[in-house]
2 protein chains.
Amino acid sequence: MKRVSIKDVAREAGVSISTVSRVLNNSAPVSDDLKEKVENAIKKLDYMPSNIAKSLRKGKTGTIGFIIPDITNPFFANIVRGAEDYLRQRDYTLILCNSDQDEKQEVKLLETLISKHIDGLLFTGTGNFNPVLAEKIERGFNVVFLDRIIQGISASYVIVNNSKGMYELLDYLTVTGHKEFVFINGNKETFSAKIRYETFKKVMGEKKLKFTHFYTNFSYEAGYNFGKKMKKMPDAIVCGNDLIAYGVIDALEDRGFKIPEDVSVTGFDDIPFSKHYKPPLTTVRQPMYEMGMKAAELLVKIIEEKQINTEGIILEPQLVIRGSTRRG
Amino acid sequence: MKRVSIKDVAREAGVSISTVSRVLNNSAPVSDDLKEKVENAIKKLDYMPSNIAKSLRKGKTGTIGFIIPDITNPFFANIVRGAEDYLRQRDYTLILCNSDQDEKQEVKLLETLISKHIDGLLFTGTGNFNPVLAEKIERGFNVVFLDRIIQGISASYVIVNNSKGMYELLDYLTVTGHKEFVFINGNKETFSAKIRYETFKKVMGEKKLKFTHFYTNFSYEAGYNFGKKMKKMPDAIVCGNDLIAYGVIDALEDRGFKIPEDVSVTGFDDIPFSKHYKPPLTTVRQPMYEMGMKAAELLVKIIEEKQINTEGIILEPQLVIRGSTRRG
DNA sequence: CTGTTAGCGCGTTCAT
DNA sequence: ATGAACGCGCTAACAG
């Protein structure tokens with residue numbers, strides 16, 4: 001596809017390229033006469049400015065990178081949607097990358113994105129310290145951490161108050177008479193998994209409740225496998241996210257257990273399907289769309305205002321009580 | 001973030017920029033001595049070539065655009081994952097855009113993407129004729145249509161044999177004794193919705209079955225609303241996709257109907273949740289991940305081999321029989 | 001108001 | 001084997 005450039009337009013209109021540039025960007029007054037000529041030429045040639053030349057010139061691409069574990073997980077899909085909606089409206093464009101939580105992949109993607117001159121990065125990675133990323137941030141690379149913070153790196157972030165969510169969940173569960181717990185958590189390295197476990201353990205200790213805890217990973221299969229081989233039933237099974245809860249419920253039902261009569265099961269996230277699951281899932285809602293949107297908003301702010309001090313946004317979770325838990 | 005350029009490396013190494021370029025791309029022999037100097041300078045400065053300058057020079061960005069209705073729909077999320085996996089491996093990068101099936105938005109996104117010099121476009125839009133897109137294609141713009149073809153535009157595509165899927169579904173349904181049908185279809189403009197309806201109508205005619213048909217849109221809500229106000233129950237409710245089926249099932253169950261005892265319900269797509277839905281959904285599987293991957297593969301082939309003739313890939317659907325339909 | 005010109009970072013002749 | 005110089009398409013600074 002032969003591209004038509006500003007030069008072609010200038011020639012067609014019989015003016016200089018700077019004049020074309022001026023009418024294009026309204027960056028300086030141009031006589032009506034020439035302006036019209038230029039506009040006609042643009043239409044005639046179906047000219048479209050090259051953003052990449054513009055980027056080279058201005059040192060800004062209007063492109064944001066987003067590294068997430070897996071777009072196939074509705075939790076991330078909804079976050080991405082929130083981010084993209086905001087960015088689109090602000091005339092930014094989103095490069096999406098799936099990392100599968102692989103650290104090597106994360107680094108590689110980061111480098112690719114940087115060499116593509118992204119203006120900023122939305123990052124949801126493993127929680128492990130990433131020296132490459134840390135160094136870039138040190139040098140002024142714009143990053144907003146989303147849902148998952150990395151300890152030891154000082155940067156802006158948008159997260160949910162996981163601790164509070166867990167508190168409210170356990171509060172409800174204990175009030176409704178649950179006394180013995182199993183916590184099937186997600187990936188061990190993950191920031192949110194860690195926080196939730198900390199809070200969980202603390203509450204268990206305070207209320208002197210019996211519990212066991214396991215790290216697995218944030219997937220349906222992990223929950224299903226666990227549910228298949230569980231021996232003794234506790235009063236409640238707390239799951240690291242909704243997908244795990246789905247798996248546990250299905251496995252348990254396959255084995256003839258009734259949810260919530262035999263055991264209560266809870267999730268975390270409240271992805272759209274949880275409302276319609278059978279039984280509908282008691283879970284802690286994370287404002288996914290809003291997380292994505294806020295993070296994008298924060299990132300754009302950082303980019304455009306070049307503010308140096310980092311900012312953290314903590315969103316509120318919300319306990320959603322549905323049919324997968326006994327009411328006492 | 002001050003970027004370090006090839007010039008800085010050249011200065012640091014005490015050579016010319018062309019030499020640096022040569023060791024970078026291995027495009028011409030360089031003495032071991034200088035090569036080492038350059039490599040050291042690169043490491044020392046943490047130099048990373050600018051893809052955008054490279055793009056400007058070479059007229060190729062290594063970036064692919066993908067316009068879809070909504071990443072939040074698992075059907076698209078899985079397609080996108082397939083595409084991104086392939087592209088990442090081929091060193092392409094994916095710009096994701098949600099259009100919400102809005103034609104104005106589609107045009108705007110298209111223009112944005114073109115001005116960002118994408119090498120090619122994966123397109124899943126409304127099925128309506130789009131003059132802007134048609135014209136770009138005319139001029140040699142690389143596009144692969146995915147899941148949804150536009151009539152009147154000659155371009156490459158990857159679709160699923162919707163007709164066959166519908167045939168097999170109805171065949172199963174009639175064999176198991178269903179005689180009266182309601183088809184709650186998706187968006188009217190959509191290619192796949194049209195094809196499925198055509199086949200549906202044909203089969204109904206051939207087998208002299210009673211039926212009604214409605215276009216709604218491909219969402220849970222559409223199905224739910226429809227289910228809420230349905231009067232007379234047919235033997236089977238055929239839905240345009242799984243989400244619609246979920247909605248119908250939930251609405252009907254809310255009203256006290258039993259699925260499939262009172263009425264069979266089927267979906268289309270087989271998104272990952274359908275297997276675990278209660279009741280598990282009888283549906284027609286579309287190979288989503290594969291669709292995305294094949295389309296990306298085809299697009300890259302078109303880009304790199306500059307082949308002119310268009311190519312169409314038709315994937316096979318698969319009937320998946322589960323618990324939401326009566327067995328006769 | 002308008003045109004000329006100098007880069008943005010890179011790959012590629014063309015000399016040497 | 002190496003370097004100088006040009007140009008990809010564009011904006012901004014400068015000159016008129």
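We use all heavy atoms of the structure for the numbers below, so side chains are in, but hydrogens, waters and symmetry mates are not. Lettering follows sequence order; numbering is per chain, from 1.
- No option in B/Phe145, B/Tyr157, B/Phe191 other than B/Phe145 meets the ring pair (Phe, Tyr, Trp, His ring centres under 6.0 Å) test with B/Phe123.
- In this structure A/Glu189 satisfies the salt bridge (Lys or Arg N to Asp or Glu O under 4.0 Å) test with no other residue, sequence neighbours excluded.
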Distance-only criterion, 3.5 Å: show the donor-acceptor pairs between side-chain atoms of residues 29-42 of chain B and protein atoms not counting sequence neighbours.
unit_1	atom_1	unit_2	atom_2	d
B/Ser31	OG	B/Leu34	N	3.4
B/Asn40	ND2	B/Glu36	O	3.3

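- In this entry the distance linking CZ of B/Arg22 with C1' of D/dA4 reads 10 Å, nearest Å.
- The distance from atom NZ of A/Lys60 to atom C1' of D/dA12 is 17 Å, rounded to the nearest whole Å.
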- Item | side-chain hydrogen bond (donor to acceptor under 3.5 Å, both in side chains) between B/Ser192 and B/Thr190, intermediate numbers included | CA-CA 6 Å; B/Ser192 36; B/Thr190 260; 5.2 Å; no

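- Of the listed residues (B/Glu84, B/Arg90, B/Arg88, B/Gln89), just one forms a side-chain hydrogen bond (donor to acceptor under 3.5 Å, both in side chains) with B/Tyr86, and that residue is B/Arg90.
- Under the rule for a side-chain contact (heavy atoms from CB on, under 4.5 Å), the partners of A/Thr61 that lie at least two apart in sequence or sit in another chain are A/Ser55, A/Thr63, A/His117, A/Asp119, B/Ile52.
- Contact annotation: side chain of A/Ser27 to base of D/dA12, donor-acceptor pair absent below 3.5 Å.
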Find every protein N or O atom lying less than 3.5 Å from an N or O atom of nucleotides 6-10 of chain D, and list the pairs.
unit_1	atom_1	unit_2	atom_2	d
D/dG7	N2	B/Arg57	NE	3.4
D/dC8	OP2	A/Lys7	NZ	3.2
D/dG9	N2	A/Ala53	O	3.3
D/dC10	OP1	A/Tyr47	OH	2.3
D/dC10	OP1	A/Ser50	N	2.9
D/dC10	OP2	A/Ile6	N	2.3
D/dC10	OP2	A/Tyr47	OH	3.4

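- Within residues 29-40 of chain A, the residues that place at least one heavy atom under 4.0 Å from DNA chain C are, in residue-number order, A/Pro29, A/Val30, A/Ser31, A/Leu34.
- One interatomic measurement links the two molecules: CZ of A/Arg11 to C1' of C/dG3, which rounds to 16 Å at whole-angstrom precision.
- Take B/Glu311 and apply the salt bridge (Lys or Arg N to Asp or Glu O under 4.0 Å) test, not counting sequence neighbours, and it matches B/Lys301.
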- Task: Might you work through the side-chain hydrogen bond (donor to acceptor under 3.5 Å, both in side chains) test for A/Asp147 and A/Thr124, ending with a clear yes or no?
- Result: CA-CA 6 Å; A/Asp147 185 49; A/Thr124 302; 6.0 Å; no

